[in-house]
Amino acid sequence: MRRAMCVWLPSLRIDLVRRRDSVGRGPGRERPILVVSREGGGRESVVDACALAQRAGVRPGMPAGEARAALGSSGVRTIPDDPEALAGVLLRLAVFMQRFSPVVAIDSRDGLLLDITGCARLFGGEDRILARAGRALRRLGLASRIAIAPTFACAQGVARYARSAGIVAEGGQRDALAPLPIAALGVDEQIAAGLGEVGVDRIGQLMALPRSSLPARFGEELLWRLDCAMGDAIETIEPVRSEPSPEAEMIFDGPTTRTDAIAAAVRTLLDRLAGAMRARGLGARRLRLTLLRVGVSPFQIEASFGRPSRDPVHLWSILGPSLERAHLGHGVEGVRIVAERFGRLGHEQAGESHAIGEDPKAVAELVDTLCARLGRHGVLRILPAESHLPERAARLAPAADAPPRGPVAAMADALRPTLLLDRPEPAAVVSLTPDGPVMHVSWRGGSARVTACSGPERISPVWWDAKARAETRDYFRVRDGSGRWLWLCRAVESGRWFVHGVWA
Amino acid sequence: MPKALSIHDDRLARARAVLSRVHGGGVPGRSSGAGPLEVGPGLHEWIGGGSAWGEGGTEPSSAGGGFAPIGVLIGVARARAGALGADARVLWIGRRVWPTPAALVHRPGRCGEDRSLLERSLFVDAHNAGEALWAADTALRSCGAGVIVADGSGLDMASTRRLQLAAEASGSGGAGVCLLARPSREIRSLSAAATRWLVEPDRSDEEDRPGWAVRLLRRKGLRPEEGHTRWVVRSCHATGDVRVVAVTADRPGPPARQCRARTGS
């Protein structure tokens with residue numbers, strides 16, 4: 001039996017605006033957001049409004065001027081509606097949701113429809129696939145309501161109008177749809193208004209009416225939508241087709257163990273693949289090279305790229321070293337290369353020379369080359385983190401990953417050494433009083449008189465991390481007789497001293 | 001472009017490359033304009049001197065390696081990277097030369113901060129000398145890295161020559177800069193580096209900010225006694241800036257003229 005999932009995105013336009021704004025923007029007062037469309041005669045009307053605006057009484061369809069007046073002088077942000085861009089976003093979202101089902105269609109009313117028949121067991125059940133889909137969309141910054149039902153029409157109605165969207169069991173459409181308004185069937189507004197005039201506001205009331213009387217008064221569509229929701233009519237959806245992955249393949253006349261011949265074949269395939277990707281305006285993000293070996297399973301090599309690339313020289317520079325270490329078995333009878341992940345890559349001028357720092361492609365290729373040998377975590381970038389603790393003030397992230405979106409954490413405006421030790425090292429200190437100043441330090445088998453001391457700078461542990469059992473620390477900057485500056489810290493509770501950093 | 005003009009352009013480019021290789025960016029015979037923060041293209045070695053502890057001294061500890069002179073290297077990298085394109089990366093190869101992130105942030109005024117050096121820095125986790133050498137060589141031959149700061153512990157003459165050649169053949173016409181941090185025990189190791197610097201903590205008691213005494217041990221194309229060879233570099237706590245504050249005298253002045261009394265007879 002079919003199982004249908006409907007993903008409704010109730011505030012898609014507003015969420016997209018917030019995603020765009022989150023890049024490079026720090027915390028600040030939230031402003032009401034209106035998405036307006038311009039109609040004939042220069043009249044603007046509200047297409048969508050954020051929750052803040054809706055609480056002030058703004059509704060879709062309201063004239064934009066009236067909406068702005070209702071919001072007063074609170075700095076309203078007005079965004080023009082862009083249906084084409086929205087359609088593109090929905091298409092990309094549909095491809096994204098193919099991780100839950102191979103059959104995904106766009107629901108014209110700001111949503112997606114997935115045929116998850118037979119897919120839920122791969123995720124551990126329908127409740128788990130529903131939860132994972134919701135989490136995946138939340139990570140993208142999109143609010144969603146998701147329902148699973150035996151039919152698409154029932155799932156659409158439950159996702160949009162039920163008090164709590166969820167899972168409708170097989171045969172449970174009648175009970176799930178009965179309390180919902182007529183609009184949950186997705187019929188025209190006029191039909192819903194006409195039924196309202198005769199006192200039929202709920203689907204349960206509609207189902208109690210004689211079927212023969214409905215088409216004459218309200219048209220065939222109402223009965224058809226009801227039958228689709230109940231499973232008595234055939235529903236069809238138009239799934240989104242994702243672009244096929246570029247690939248190239250060569251089958252040899254006979255098996256070979258000559259690495260030079262196999263390397264030549266791979267380079268030929270890379271040229272063909274590059275040509276195919278150039279024609280489609282694509283670049284590879286991940287390549288999978290498969291050596292078809294005689295009598296044993298294929299040998300596969302995978303290579304990832306931080307930036308889409310279709311330069312055969314660069315692709316070979318990453319694949320070649322791994323190919324040299326490949327086990328050829330009893331011989332290789334064919335080679336296949338597939339760009340499993342790819343992205344848009346515009347046309348570039350060939351043979352253009354750049355000075356250092358003027359070619360972003362060179363940086364990406366350098367990172368790819370280094371990562372191919374040292375691993376994805378072998379080339380890192382440092383990202384400031386929101387923490388006053390010196391050892392947590394920054395985190396490392398793979399340089400091959402895209403830079404994180406969102407506001408950038410501020411760096412602590414405090415004096416920090418040029419070199420921070422991985423772990424604070426115990427030291428023996430002589431000070432006039434427990435709170436300093438420091439007079440003498442012994443560390444790493446040596447000792448020295450302190451000629452200058454400043455501090456303390458008190459750093460307390462985070463109060464919400466009870467498991468860390470960290471102590472409050474007082475930090476001192478001290479200079480020894482040789483002129484070297486050290487960053488000493490004293491654990492306040494235990495009284496122990498450590499060296500945490502050096503101005504090397 | 002007409003063929004005759006393109007031939008002259010090629011000759012000019014080769015001549016510039018030779019000059020740059022020989023003189024390392026400085027003026028031959030005089031080093032007053034080429035201080036420790038103004039190194040030119042090529043390979044340069046930085047030795048962290050001064051014992052890790054104790055009274056210090058002019059001779060580095062033979063037992064330990066000392067710390068990599070990260071403070072000075074940050075100043076050199078910032079000065080060099082500022083002259084490059086916006087996409088040029090600064091590579092820090094080897095955990096021994098990874099600086100604290102806050103040290104890469106420059107605060108030029110009372111408000112605001114300049115994170116350009118932090119944002120364009122990439123940190124390469126090379127686990128041994130072989131990986132560090134390969135990573136530095138690869139980066140120098142690429143157009144993507146403008147400055148490479150690498151842990152040069154354990155590199156022999158052949159390895160340093162390889163890096164010097166890579167810097168000359170770098171993707172942008174020989175403009176690559178590689179700063180090798182070497183431990184003090186390798187101060188007498190043979191090297192093909194264009195310059196070799198010794199960095200020790202500055203023992204002046206007058207300043208309340210870290211400082212380093214930087215001594216030029218060797219520069220290709222210059223005799224040891226020519227030009228200035230010692231500088232003092234200080235770090236400003238407030239701005240994070242590293243600057244040369246003094247060029248110190250490195251030899252005694254000429255002997256005083258001797259007066260001879262005339263004797264009459």
Side-chain angles (χ1 to χ4, degrees), chain A residues 353-367 369-370 373-375 377-384 390 393-394 396 399 403 408 410-420 422 441-448 451-452 454 477 479-485 501-504, chain B residues 48 50-57 67-71 74 84-89 98-105 107 113 115 118-119 121-126 131 134-135 138-139 142-146 170-173 175-176 200-205 208-213 235 237:
Chain A
S353 63
H354 294 273
I356 289 182
E358 294 182 1
D359 185 7
K361 191 175 82 165
V363 177
E365 291 180 354
L366 173 62
V367 172
T369 305
L370 294 175
R373 174 163 171 175
L374 303 175
H377 292 275
V379 185
L380 306 162
R381 61 164 63 95
I382 285 185
L383 303 173
L396 296 169
V408 182
M411 297 289 290
D413 187 16
L415 305 175
R416 294 290 178 263
T418 56
L419 172 69
L420 202 66
D422 290 340
V441 183
S442 297
W443 174 53
R444 284 192 176 181
S447 63
T451 58
S454 64
R477 285 186 302 117
R479 185 182 61 206
D480 67 7
S482 69
R484 191 179 301 284
W485 286 82
V502 181
W503 274 267
Chain B
S51 60
W53 205 245
E55 296 299 322
F67 297 105
I70 294 179
I74 290 175
L84 300 173
D87 285 320
R89 291 294 182 261
W98 286 8
T100 313
L104 296 177
V105 177
R107 297 181 177 85
E113 53 187 30
R115 294 190 181 190
L118 176 64
E119 289 169 355
S121 288
L122 294 176
F123 300 86
V124 180
D125 193 5
E131 286 186 355
W134 171 84
T138 303
S142 154
C143 277
S170 69
S172 63
E200 295 173 302
D202 178 49
R203 305 181 72 177
S204 166
D205 286 338
D208 189 31
R209 48 187 180 143
W212 299 274
S235 166
H237 279 316

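First the proteins, then the strands, lettered A, B, ... as listed; each starts at 1.
Proximity to chain B is limited to the side chain of L374(A), based on heavy atoms less than 4.5 angstrom apart. The contact between P69(B) and chain A is made entirely by backbone atoms, counting heavy-atom distances below 4.5 Å. Using a 4.5 Å cut-off between heavy atoms, W212(B) contacts chain A through its side chain alone, with no backbone atom that close.
When every heavy atom of P101(B) is checked against every heavy atom of A394(A), the shortest pair comes out as CG-CB, 3.5 Å. Smallest separation of non-hydrogen atoms from V105(B) and L118(B): CG2-CD2, 4.0 Å. Pairing each heavy atom of L366(A) with each of A139(B), the nearest pair is CD1-CA, 3.7 Å.
No cation-pi contact links R484(A) to W503(A), judged by a cut-off of 6.0 Å to the six-membered ring centre and 45° from its axis.
In terms of heavy-atom pairs under 4.5 Å with chain B, the best-connected choice from A362(A), A504(A), G483(A), G501(A) is A504(A). Ranked by heavy-atom pairs shorter than 4.5 Å toward chain B, the options L396(A), L419(A), L420(A) are led by L419(A).
Ring planes of F67(B) and W443(A): parallel class, angle under 30° (limits at 30 and 60°).
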